[in-house]
Protein chains: 2
Amino acid sequence: MPATSPDFPDRLRAAGLRPTRQRVALARLLFEGGHRHVTAESLHVEVKATRMPVSLATVYNALNQFRDAGLLREVVVAPGRSYFDTNTGHHHHFFVEPDGELHDFPSEKVTIAGLPTPPKGTRLARVDVIVRVRR
Amino acid sequence: MPATSPDFPDRLRAAGLRPTRQRVALARLLFEGGHRHVTAESLHVEVKATRMPVSLATVYNALNQFRDAGLLREVVVAPGRSYFDTNTGHHHHFFVEPDGELHDFPSEKVTIAGLPTPPKGTRLARVDVIVRVRR
DNA sequence: GCAGCATTTAGAATTGTTCTAAACTTCTTG
DNA sequence: CAAGAAGTTTAGAACAATTCTAAATGCTGC
């Protein structure tokens, strides 16, 4: 958490997004506590539990907009399911296979050596490391 | 390629799968040449082009069975799309972002140091490294 | 060859996500 | 602070990828 108390409307405006009631409600759920991993479905369930229902389409819209604005990072670990991670810093993931649990781990200690250079005409965008574990 | 010419019915039997006509046709497409990346759709288009049409459901069934039997490896790089890789050895992937192209690179030269230990009660299944690049 | 079980198939069903068009906010400006 | 313009939300339809279903067919061992 930043030292300054987070003013969600301002943070959204700073990201180029209008601070609508539903976006603010979602931002609060996402960014108020520590880092989180959510799916559209899980966030939708959560926001419905508050006294401000938001449609599923809006949850999808907001997650995509937040991701495009750099507020969230999308993590692709399982086919047909998108996770969004509120931690946008450098880090990698544990994925617990049958149940679909996702955990961060910091990339500080991880070093990857010997990566080949990107194919001609492309620039490196990101390196994802997914450590898949099973019970 | 193995030195012994690949007898697909035998290879399927060895994997515990009945060598049906459609499985043999798919295995031929997948394993006859060099390593490949396919999606169910792309393989379906391919097999239809031969004189032995196979339903899309069968392509999905076969890909899942081949993966379960260790003949293929599933690679999850983009939401809502599954790639299957005929290279089941240790290696990692380049993913070219807008177009969805996938390329292998050998893991020999890549070393990953400092990975944390798996959470309690889990054992390591695999480490995936996806190098995302953009044009 | 034939029974018995596995496999294939077309089409329906399911799942996760995006689209559409109408209703409703938010922002700007006067 | 009213009014219009533009951006958002919404329910529901549409879509894409995948799985399921039940009936037809094909493999295998005896």
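In what follows, chains carry the letters A, B, and so on, assigned in the order in which the sequence lines appear, proteins first and then strands, with residues in each chain numbered from 1. Atoms considered below: every heavy atom in the structure, side chains included; atoms not considered: hydrogens, waters and symmetry mates.
Map A:Arg81 and B:Leu17 each onto its nearest nucleotide of DNA chain C; the residue landing nearer the 5' end is B:Leu17. Between A:Arg23 and A:Pro79, the residue anchored nearer the 5' end of DNA chain D, judged by the nucleotide with its closest heavy atom, is A:Arg23.
Listed by chain and number, the residues in a salt bridge (Lys or Arg N to Asp or Glu O under 4.0 Å) with B:Arg21 amount to none (sequence neighbours excluded). Partners of A:His92 under the side-chain hydrogen bond (donor to acceptor under 3.5 Å, both in side chains) rule, at least two apart in sequence or in another chain, do not exist in this structure. The salt bridge (Lys or Arg N to Asp or Glu O under 4.0 Å) test applied to B:Asp68 returns no partner, not counting sequence neighbours. Partners of A:Thr86 under the side-chain contact (heavy atoms from CB on, under 4.5 Å) rule, at least two apart in sequence or in another chain, are A:Leu30, A:Phe31, A:His35, A:Arg36, A:Leu72. Scored by the salt bridge (Lys or Arg N to Asp or Glu O under 4.0 Å) test, A:Arg18 finds no partners at all (sequence neighbours excluded). The salt bridge (Lys or Arg N to Asp or Glu O under 4.0 Å) test applied to A:Glu101 returns A:Arg135, not counting sequence neighbours.
Note that OG1 of A:Thr39 and OH of A:Tyr83 are 7.0 Å apart. Values are rounded to the nearest 0.5 Å.
Among the protein residues, A:Pro53 comes within range of the sugar-phosphate backbone only, with heavy atoms under 4.0 Å from sugar or phosphate atoms but none that close to a base.
A heavy-atom distance below 4.5 Å is found between the side chains of A:Leu56 and A:Glu41. Between A:Val76 and B:Val77 the shortest side-chain heavy-atom distance does not fall below 4.5 Å.
For the contact set between residues 54-66 of chain A and DNA chain D, defined by any heavy atom under 4.0 Å, the members are A:Val54, A:Ser55, A:Ala57, A:Thr58, A:Asn61. A heavy atom closer than 4.0 Å to some atom of DNA chain D occurs in no member of residues 36-52 of chain B.
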Item to check | Nucleotide-resolved protein contact map, nucleotides 22-30 of chain D, B/S/- at heavy-atom distance under 4.0 Å | outcome: ----BBS--
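Protein chain A touches strand DNA chain C; the 5'-most and 3'-most nucleotides with an atom under 4.0 angstrom of its non-hydrogen atoms are C:dG16 to C:dC27.
Identified under the ring pair (Phe, Tyr, Trp, His ring centres under 6.0 Å) test for residues 43-73 of chain A, with sequence neighbours left out: none.
Only one option out of A:Glu74, A:His93, A:Arg67 pairs with A:Asp85 in a side chain to side chain contact (heavy atoms under 4.5 Å, CB included); it is A:His93.
Membership of the apolar cluster around A:Val133 extends to A:Phe94, A:Val96, A:Phe105, A:Val110, A:Ile112, A:Leu115, A:Leu124, A:Val127, A:Val129, A:Val131, B:Phe94, B:Val96, B:Phe105, B:Val110, B:Ile112, B:Leu115, B:Leu124, B:Val127, B:Val129, B:Val131, B:Val133, as traced through chained side-chain contacts below 4.5 Å between ILVMFWY residues.
Looking at A:Arg73 and A:Asp104, no side-chain N of the basic residue comes within less than 4.0 Å of a carboxylate O on the acidic one, giving no salt bridge.
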